[in-house]
Asks: 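The structure that follows is given in the form of structure tokens.
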Amino acid sequence: MKVWIPDVSEHQGKINWEKIKGKIPGAIIRIGYGDDLKEQDDIYAAYNMAECRRLGIPFAVYIYSYAKTAAQVRSEIAHTKRMCEGFEPVSYWLDLEERSNTSLWGQAAYMWYKAFGDKAGVYSWQWGFEKHVKSGRRWIAAYGNNTGKPDKAYKPSIDMDGWQFTSRAILSGIRGYVDMSEWYADFAGAQPIEIKPHRIVVTKKEVAALIMRHLCTHNAHGYTQDMSGRQGTGTEEIDIYGVKYTIKSGDRDCSSAVISAYEAAGISCGGATYTGNMKKCMVGTGNFAWRSMRFVAQMGDTYLNEANHTAMCLSAEPDVLMEFSINEKGTALGGKTGDQKQHGEYDETYGRGESHLRMYYDYPWNGILQCINEEIAFIIEEDGTISKPTKDDGYTATEVKNVEVTAPEKTDTDLGLEIWADKYGSGDDRRKALGARYKGAQAEAERLNKLHISEYMKELKAYEKKFGALFK
């Protein structure tokens, strides 16, 4: 019997596991990469494992290995054990892909098997098992034409537990593409389920955030405030779910990185050039709204300190920022083109240098530029092909058909809480956003403002039960 199992990481963002339950037989979750360092944890690993456990979805885990020494293998084993404490994965997989470390692969696999026993396995390519890892459980990658479906001509010819046949599968509840494997070994008794793909609507705001992530994690892009001559005439193409976007090459400072990411995605910033004029120029386009720090920033929104700094939000839970910070000399000017502060082997997720991802911190920020542009960049159809939105679809995310969005009706109290959280701005902006609901919602916001904190928290918890957290 064979089942199809997706493997996921923070690249898929915050997954709606409630929506996935019953539609997949199980999942494989990345817990992190490399040494046992907290900053190298997958930022969604704990959430993904907890949700699978809560919903009864069997799951395995894997860690991407950078180990060059036996000591680093031991650190990766410790990393895995720390992340999985309190959970019960079906199996534990060591991802061996770093070609410069193949001389250690055999020993790394032996140590891994010894640490995790009959639940241990290795992920690699067929040649990796034929040349370097001669025994043990195997999870093998072989995509072929990578169409989203198994390409039998490329199916590995040796025994294996699972065959990862694509990185371009489409699942309801998961943003963008996801890896998919055909699994042959028992996966906690998982039974075959027909996995039905769905359309994925990708907004320009999401594209901007993914472009910013590329800028922050690719070592070609370092920090400088002196832009003259640092970008040259070259350009770079970024692949966003199979669609190419073009940006200038070279270095940036905090504001030019954010602005160029939006502009490359097709969202105008109104001629903004530095932190001091970002608020005025960007809000003036109608693509952005200014929010207080009570607002919960989402993917593609931007934190701003008008005097000194800015950073874009990658995700709200956990709250991860993307920023250009300082050059390799610890200064704002000078230095070499590119990111020289990268530490160790380059990783596509964490830049760890002049530009990087990091957990939220209070800079302090003056407020948040909420990107309210809802234009659709493109649609990934059920068969994996890319299309542009048409008049029949609608051209914004709220208009497009076939998007699975269901939510309970909001009461005046719910809307009042959202007013308190600065979701609808103020004055005429608030009246326009709420329309006929404005009067009742405004009255509730005023009532809530007068409540004792304990009474207020009761109403907030009721909101959270229905809609999720409104505040951090």
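What's counted below: heavy atoms across the whole structure, side chains too, no hydrogens, waters or symmetry copies.
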Asks: Going through the distances and angles, do Lys23 and Glu194 end up as a salt bridge (Lys or Arg N to Asp or Glu O under 4.0 Å)?
Replies: CA-CA 7 Å; Lys23 298 179 180 179; Glu194 182 183 1; over 6 Å; no
Asks: Begin with the C-alpha distance, continue with both residues' side-chain angles, and end with the deciding distance and a verdict on salt bridge (Lys or Arg N to Asp or Glu O under 4.0 Å) for Arg358 and Glu323.
Replies: CA-CA 8 Å; Arg358 63 179 294 179; Glu323 65 179 3; 3.5 Å; yes
Asks: What are the two closest heavy atoms between Pro58 and Ala188, and how far apart are they?
Replies: CB-CB, 3.8 Å
Asks: What I'd like to find out is whether the side chain of Glu76 reaches to under 4.5 Å of the side chain of Lys81, using heavy atoms alone.
Replies: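 Not touching, per the 4.5 Å side-chain cut-off.
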Asks: Atom CG of residue position Asp239 - does it have more than 12 heavy atoms of other residues, nucleotides or ligands inside 6.0 Å?
Replies: yes
Asks: Return the CD1 to NE2 distance between Ile240 and His214, rounded to the nearest 0.5 Å.
Replies: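 Taking CD1 in Ile240 and NE2 in His214, the distance rounds to 8.5 Å.
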Asks: May I ask you to say whether Lys458 pairs ionically with Glu455, meaning some side-chain N is under 4.0 Å from a carboxylate O?
Replies: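 Result for this pair is no, no salt bridge flagged.
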Asks: Could you go through Val320 and Met359, starting from their C-alpha distance and side-chain angles, then the distance that decides it, and tell me whether this counts as side chain to side chain contact (heavy atoms under 4.5 Å, CB included)?
Replies: CA-CA 4 Å; Val320 178; Met359 298 304 293; 3.8 Å; yes
Asks: Restricting to non-hydrogen atoms, name the atom on Asp251 and the atom on Gly222 that form the minimum distance, rounded to 0.1 Å.
Replies: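 Between these two residues, the closest heavy atoms are OD1-N, 3.0 Å.
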Asks: Assert yes or no for the condition that the ring centre distance of Tyr438 to Tyr424 is strictly below 6.0 Å.
Replies: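 No: the rings miss the under 6.0 Å criterion.
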Asks: Report the C-alpha separation of Ser260 and Leu215 in whole Å, then their side-chain angles, then the decisive distance to 0.1 Å, and conclude whether the side chain to side chain contact (heavy atoms under 4.5 Å, CB included) test is met.
Replies: CA-CA 10 Å; Ser260 64; Leu215 292 174; 4.0 Å; yes
Asks: Taking the six-membered ring for Trp, are Tyr303 and Trp365 closer than 6.0 Å centroid to centroid?
Replies: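 Tyr303 vs Trp365: aromatic centres under 6.0 Å.
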Asks: Aromatic ring centroids of Trp112 and Tyr92 under 6.0 Å?
Replies: no
Asks: Compute both the distance and the angle, then confirm whether Arg30 meets the cation-pi test with Tyr33: under 6.0 Å from the six-membered ring centre, within 45 degrees of the axis.
Replies: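 Negative - Arg30 is either too far from the ring of Tyr33 or too far off its axis.
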Asks: Could you give the distance from CE (Met312) to SG (Cys371), rounded to the nearest 0.5 Å?
Replies: 8.0 Å
Asks: Begin with the C-alpha distance, continue with both residues' side-chain angles, and end with the deciding distance and a verdict on salt bridge (Lys or Arg N to Asp or Glu O under 4.0 Å) for Arg431 and Asp428.
Replies: CA-CA 5 Å; Arg431 289 184 177 86; Asp428 289 340; 3.8 Å; yes
Asks: Mind checking the NZ-CG spacing from Lys410 to Leu417? Nearest 0.5 Å is all I need.
Replies: 10.5 Å
Asks: Given Val8 and Ile174, is the side chain to side chain contact (heavy atoms under 4.5 Å, CB included) satisfied, shown in steps?
Replies: CA-CA 9 Å; Val8 300; Ile174 296 181; 4.1 Å; yes
Asks: List the steps and the verdict of salt bridge (Lys or Arg N to Asp or Glu O under 4.0 Å) for Lys439 and Glu444.
Replies: CA-CA 9 Å; Lys439 186 175 180 179; Glu444 277 297 281; over 6 Å; no
Asks: Can you establish whether the number of heavy atoms outside Lys119 located under 6.0 Å from its atom NZ is more than 12?
Replies: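 Enclosed: over 12 neighbouring heavy atoms sit under 6.0 Å from NZ of Lys119.
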Asks: Is there a donor in the side chain of Gln164 and an acceptor in the side chain of Asp7, or the other way round, less than 3.5 Å apart?
Replies: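 Looking only at side-chain atoms, Asp7 and Gln164 do form a donor-acceptor pair, the distance falling under 3.5 Å.
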Asks: Measure the acute angle between the ring planes of Trp4 and Phe165, then classify it against the limits of 30° and 60° as parallel, tilted or perpendicular.
Replies: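 Rings of Trp4 and Phe165: tilted, 30 to 60°.
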Asks: Measuring only between side-chain heavy atoms, which start at C-beta, is Leu434 closer than 4.5 Å to Lys423?
Replies: no
Asks: Decide, yes or no, whether a salt bridge links Glu236 with Lys244 under the criterion of side-chain N to carboxylate O below 4.0 Å.
Replies: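 Looking at Lys244 together with Glu236, the answer is no, because their closest N to O distance does not fall below 4.0 Å.
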Asks: Compute the ring centroids of Tyr66 and Tyr64, then answer whether they are less than 6.0 Å apart.
Replies: yes
Asks: Tell me whether the rings of Phe187 and Trp183 are parallel (<30°), tilted (30 to 60°) or perpendicular (>60°).
Replies: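 Phe187 and Trp183: perpendicular rings.
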Asks: Would you call the rings of Tyr363 and His309 parallel, tilted or perpendicular, taking 30° and 60° as the class edges?
Replies: tilted
Asks: Where do Ala27 and Ile24 come nearest, in terms of heavy atoms and distance?
Replies: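 Heavy atoms of Ala27 and Ile24 come nearest at CB-CD1, 4.4 Å.
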Asks: Kindly indicate, with the supporting measurements, whether the criterion side chain to side chain contact (heavy atoms under 4.5 Å, CB included) is fulfilled by Val207 and Phe378.
Replies: CA-CA 10 Å; Val207 170; Phe378 55 88; 4.0 Å; yes
Asks: Is the Lys NZ or Arg CZ of Lys14 less than 6.0 Å from the centre of Tyr44's six-membered ring, within 45° of the axis?
Replies: no
Asks: Tell me, do Val61 and Met49 make a side-chain contact under 4.5 Å, heavy atoms counted?
Replies: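 Yes. Closest side-chain heavy atoms under 4.5 Å.
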Asks: If you define the side chain from C-beta out and look only at heavy atoms, does anything of Thr217 sit under 4.5 Å from Leu357?
Replies: yes
Asks: Are Gln442 and Arg430 close enough, and set up right, to give a side chain to side chain donor-acceptor pair (under 3.5 Å), and what steps lead you there?
Replies: CA-CA 9 Å; Gln442 184 65 29; Arg430 185 181 298 173; 2.9 Å; yes
Asks: Check this for me: does any side-chain nitrogen of one of Asp41 and Arg82 sit under 4.0 Å from a carboxylate oxygen of the other?
Replies: yes
Asks: Answer yes or no for Arg54 and Trp17: cation-pi contact, defined as NZ/CZ to six-membered ring centre under 6.0 Å and angle to ring axis within 45°.
Replies: no
Asks: Just checking Trp93 against Tyr62, ring centres under 6.0 Å apart?
Replies: no
